[in-house]
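Only one structure is covered here, and it is reproduced in the block below.
Letters go in sequence order (proteins before strands), and every chain restarts at 1. As the structure is a prediction and not an experimental result, all values here were calculated from the model.
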Amino acid sequence: MLEINDLHVKLEEEDKAILKGLTLSVKAGTVHAIMGPNGSGKSTLAYVLSGRGGYQVTGGSAMLEGQELLDMEPEERAAAGLFLAFQYPVEIPGVGNMTFLRTAVNAQRKARGEEELSSGDFLKAVRAKARELKIDAEMLKRPVYVGFSGGEKKRNEILQMTMLEPRMCILDETDSGLDVDAMKLVSEGVNALRDAGRAFLVITHYQRLLDHIQPDVVHIMAEGRIIKSGGPDLALEVEQNGYADLLAEEGQKA
Amino acid sequence: MAPGRKVAVDAVFDSVSLGTTFKDELAKAGVIFCSISEAVREHPELVRKYLGTVVPVTDNYFATLNSAVFSDGSFVYIPPGVKCPMELSTYFRINAENTGQFERTLIICDRGAYVSYLEGCTAPKRDTHQLHAAVVEIVVLEDAEVKYSTVQNWYPGDEDGKGGIYNFVTKRADCREARAKVMWTQVETGSAITWKYPSCVLRGDDSSGEFYSIAITNNWQQADTGTKMIHLGKNTRSRIVSKGISAGHAQNTYRGLVSMHPKAKDSRNYTQCDSLLIGDRCGAHTVPYIEVRNASSRVEHEATTSKVDHDQLFYCRSRGMDEEEAVALVVNGFCREVLQALPMEFAMEAQALVAISLEGSVG
């Protein structure tokens with residue numbers, strides 16, 4: 001599904017390398033978690049994959065189902081099946097949440113040469129899916145993220161993901177700012193989407209999210225690359241011992 | 001246009017009225033909606049009584065020019081107590097080259113009556129400039145209410161600023177008696193240069209005026225637009241919401257006057273001016289004139305200037321919209337308050353127009 005090979009990225013404005021040879025392979029039907037200390041480049045990876053400006057790719061590649069993501073515009077990546085659930089989604093005053101979602105769904109359908117959804121079909125679909133995430137009609141009408149609580153923002157990101165049906169989903173610290181109940185809702189939303197044709201990359205600081213969304217592979221990221229990969233046990237190990245031992249081990253190798 | 005909704009239309013091409021639809025149905029309600037040349041022949045007593053009483057011949061250079069040469073335009077009379085059974089609309093088009101359009105509109109809304117009037121404008125591409133110098137006069141009597149909505153889409157000139165309409169228009173409503181109400185809503189996307197200040201003279205006690213405006217300028221367009229709220233009567237109210245969007249090399253100015261006269265006791269105004277910049281070569285200017293000559297009135301003014309936010313655009317694009325779609329969405333959100341003031345079918349058209357006028361403004 002997603003093949004990242006020796007990816008090097010620096011900030012556009014200053015001469016500061018953030019990703020230094022990151023390699024990662026995510027197969028369809030699997031959930032990969034990325035953990036790592038602050039500043040290890042986790043969010044940068046998410047942004048670079050989705051095409052945000054301000055970064056310069058100095059080497060390597062990132063293929064989504066055989067297509068080079070790094071050559072594509074952000075909207076082309078979205079239409080190709082990539083989705084990033086933002087850690088801090090932005091407010092768009094005056095634009096209704098539902099209007100936004102419908103514009104997005106139809107833009108992607110159009111880009112893929114599919115017919116646009118009628119307003120009736122769209123409404124039906126969005127209402128059913130919103131209910132599962134405990135998003136009420138009022139929240140669908142509000143302007144995009146204006147006055148949303150942390151939990152509401154994350155639930156709404158998952159609603160967008162559900163409606164857009166991407167094949168490669170990246171969740172950037174979706175658990176931050178969530179209470180236990182909200183985390184459960186969000187995780188259920190994600191788990192409902194798990195299937196053989198879809199893959200997830202879950203970026204998180206904490207192991208607790210992985211209790212709800214069980215990963216197949218856990219990667220530890222530090223200094224702009226993956227320093228260790230393993231099964232779900234690796235997350236538990238980090239939870240107990242912190243990153244210090246892993247970082248020291250990596251330091252000895254280098 | 002939404003199916004099933006009836007709108008009576010008067011089409012004016014090159015200042016000549018082509019005829020009005022739904023005339024019989026309107027006549028049943030006592031509403032007169034015809035070209036002004038016809039009104040001069042058929043209803044001379046109304047024309048004589050009201051024409052030139054809101055915008056005098058000597059008001060300004062372009063009003064004088066219009067008064068001297070106007071050949072046609074629209075005339076509306078709503079008799080006392082009548083709620084006009086449908087929306088009235090005039091559609092203006094300039095076809096001829098090297099010409100001017102000087103139409104005149106006169107609307108009289110008698111006591112306790114109501115009308116919603118829509119005005120649309122287009123002109124084909126020409127390399128040379130054309131002049132549009134219209135005058136609109138509205139008389140609102142006791143307890144009457146007029147809504148006047150404009151979508152102005154005259155040819156703005158090409159990407160290098162060649163050609164385009166000079167849109168120098170005088171529009172004024174006179175709330176002549178108590179509790180008269182007028183609401184101006186305008187979406188200005190066209191014309192090379194626009195000078196336009198639809199105004200309200202709040203003469204009657206407790207009368208009110210509202211002005212909602214979206215002005216979009218792209219490439220080399222210039223828009224200098226706003227309103228004048230002249231508070232003469234006691235306890236009069238006015239509200240101004242202006243949204244200016246500037247892209248390319250365009251300049252966009254809000255210029256407005258709020259004047260509280262000595263006798264306009266306990267009157268109020270609220271003004272909100274928001275400007276949005278796209279790119280770094282355009283300009284936004286806000287020039288509010290405020291005159292308060294009594295101590296019991298209150299005037300509020302709020303203004304903001306912002307740039308289209310890159311994070312907002314990236315967010316939209318990461319959800320699959322292309323850059324132009326993203327800009328149109330963000331800008332439509334910025335204009336929402338004003339779009340909501342438009343009649344339904346006009347609002348849809350205006351939203352689409354916002355997107356079209358900003359094509360090529362990013363990237």
Side-chain angles (χ1 to χ4, degrees), chain A residues 46-55 69 72-97 99-112 114 116 142-146 153 156-157 159-161 163-166 170 172, chain B residues 2-3 187 212-214 216 241-245 272 274-276 278-280 302 304-342 344 347-348 350-352 354-355 358 362-363:
Chain A
Y47 284 142
V48 168
L49 290 176
S50 57
R52 181 179 170 155
Y55 302 103
L69 281 177
M72 295 156 93
E73 296 293 335
E75 61 270 25
E76 292 169 340
R77 302 180 195 203
L82 185 79
F83 180 92
L84 168 63
F86 282 60
Q87 186 180 4
Y88 304 113
V90 293
E91 295 183 2
I92 311 179
V95 177
N97 199 11
T99 306
F100 179 88
L101 196 47
R102 190 170 159 212
T103 309
V105 167
N106 281 333
Q108 292 201 16
R109 293 179 74 97
K110 215 167 80 185
R112 290 194 291 257
E114 298 162 14
E116 292 188 11
R142 266 150 58 181
V144 176
Y145 295 127
V146 178
K153 284 183 186 171
N156 199 63
E157 287 288 287
L159 175 66
Q160 290 189 5
M161 185 165 90
M163 287 299 296
L164 292 167
E165 301 180 333
I170 305 171
D172 187 10
Chain B
V187 178
Y212 296 93
S213 170
I214 298 170
I216 301 181
V241 178
S242 164
K243 306 276 180 178
I245 298 112
Q272 182 191 334
D274 298 319
S275 303
L276 187 68
I278 302 174
D280 51 11
E302 286 180 28
T304 65
T305 302
S306 51
K307 284 187 82 167
V308 164
D309 186 75
H310 285 289
D311 285 335
Q312 285 177 337
L313 294 184
F314 171 63
Y315 186 74
C316 294
R317 294 179 73 190
S318 79
R319 296 301 180 250
M321 300 170 214
D322 65 32
E323 201 161 19
E324 282 183 347
E325 226 173 341
V327 169
L329 191 82
V330 170
V331 172
N332 267 312
F334 173 76
C335 299
R336 185 180 160 103
E337 267 176 284
V338 177
L339 290 169
Q340 281 176 332
L342 284 169
M344 186 69 142
M348 303 293 286
Q351 270 187 29
V354 167
L358 290 170
V362 284

Checking Tyr88(A) against chain B: side chain, backbone, both or neither under 4.5 Å from a heavy atom?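 When you check distances to chain B, no heavy atom of Tyr88(A) falls under 4.5 Å.
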Answer with side chain, backbone, both or neither: which region of Ile92(A) has an atom nearer than 4.5 Å to a non-hydrogen atom of chain B?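 Backbone plus side chain of Ile92(A), per the 4.5 Å heavy-atom cut-off to chain B.
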Do the non-hydrogen side-chain atoms of Leu84(A) and Ser318(B) ever get within less than 4.5 Å of each other?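 When only atoms from C-beta onward are counted, Ser318(B) and Leu84(A) do not touch, as no gap falls below 4.5 Å.
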Measure the acute angle between the ring planes of Phe314(B) and Tyr47(A), then classify it against the limits of 30° and 60° as parallel, tilted or perpendicular.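 Answer is perpendicular, since the angle exceeds 60°.
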[X], part contacting chain A, at a heavy-atom distance under 4.5 Å:
| X | result |
| --- | --- |
| Arg319(B) | both |
| Cys316(B) | both |
| Glu325(B) | side chain |

Locate the shortest heavy-atom distance separating Ile170(A) from Ala46(A); write the atom from each residue and the value.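 Taking Ile170(A) first and Ala46(A) second, the nearest heavy atoms are CG2-CB, 4.1 Å.
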Residue among Val308(B), Val330(B), Val327(B), Asn332(B) satisfying side-chain contact (heavy atoms from CB on, under 4.5 Å) with Leu358(B):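 Passing option: Val327(B).
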If you count heavy-atom pairs under 4.5 Å between each of Pro74(A), Ala111(A), Ala79(A) and chain B, which one has the most?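 Of the options given, most contacts go to Pro74(A).
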I need the full list of salt bridge (charged side-chain N to carboxylate O under 4.0 Å, His left out) pairs touching residues 73-90 of chain A, with sequence neighbours left out, sorted by first then second residue.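 For residues 73-90 of chain A, and leaving out neighbouring residues, the salt bridge (charged side-chain N to carboxylate O under 4.0 Å, His left out) pairs sorted by first residue read Glu73(A)-Arg317(B), Glu75(A)-Arg317(B).
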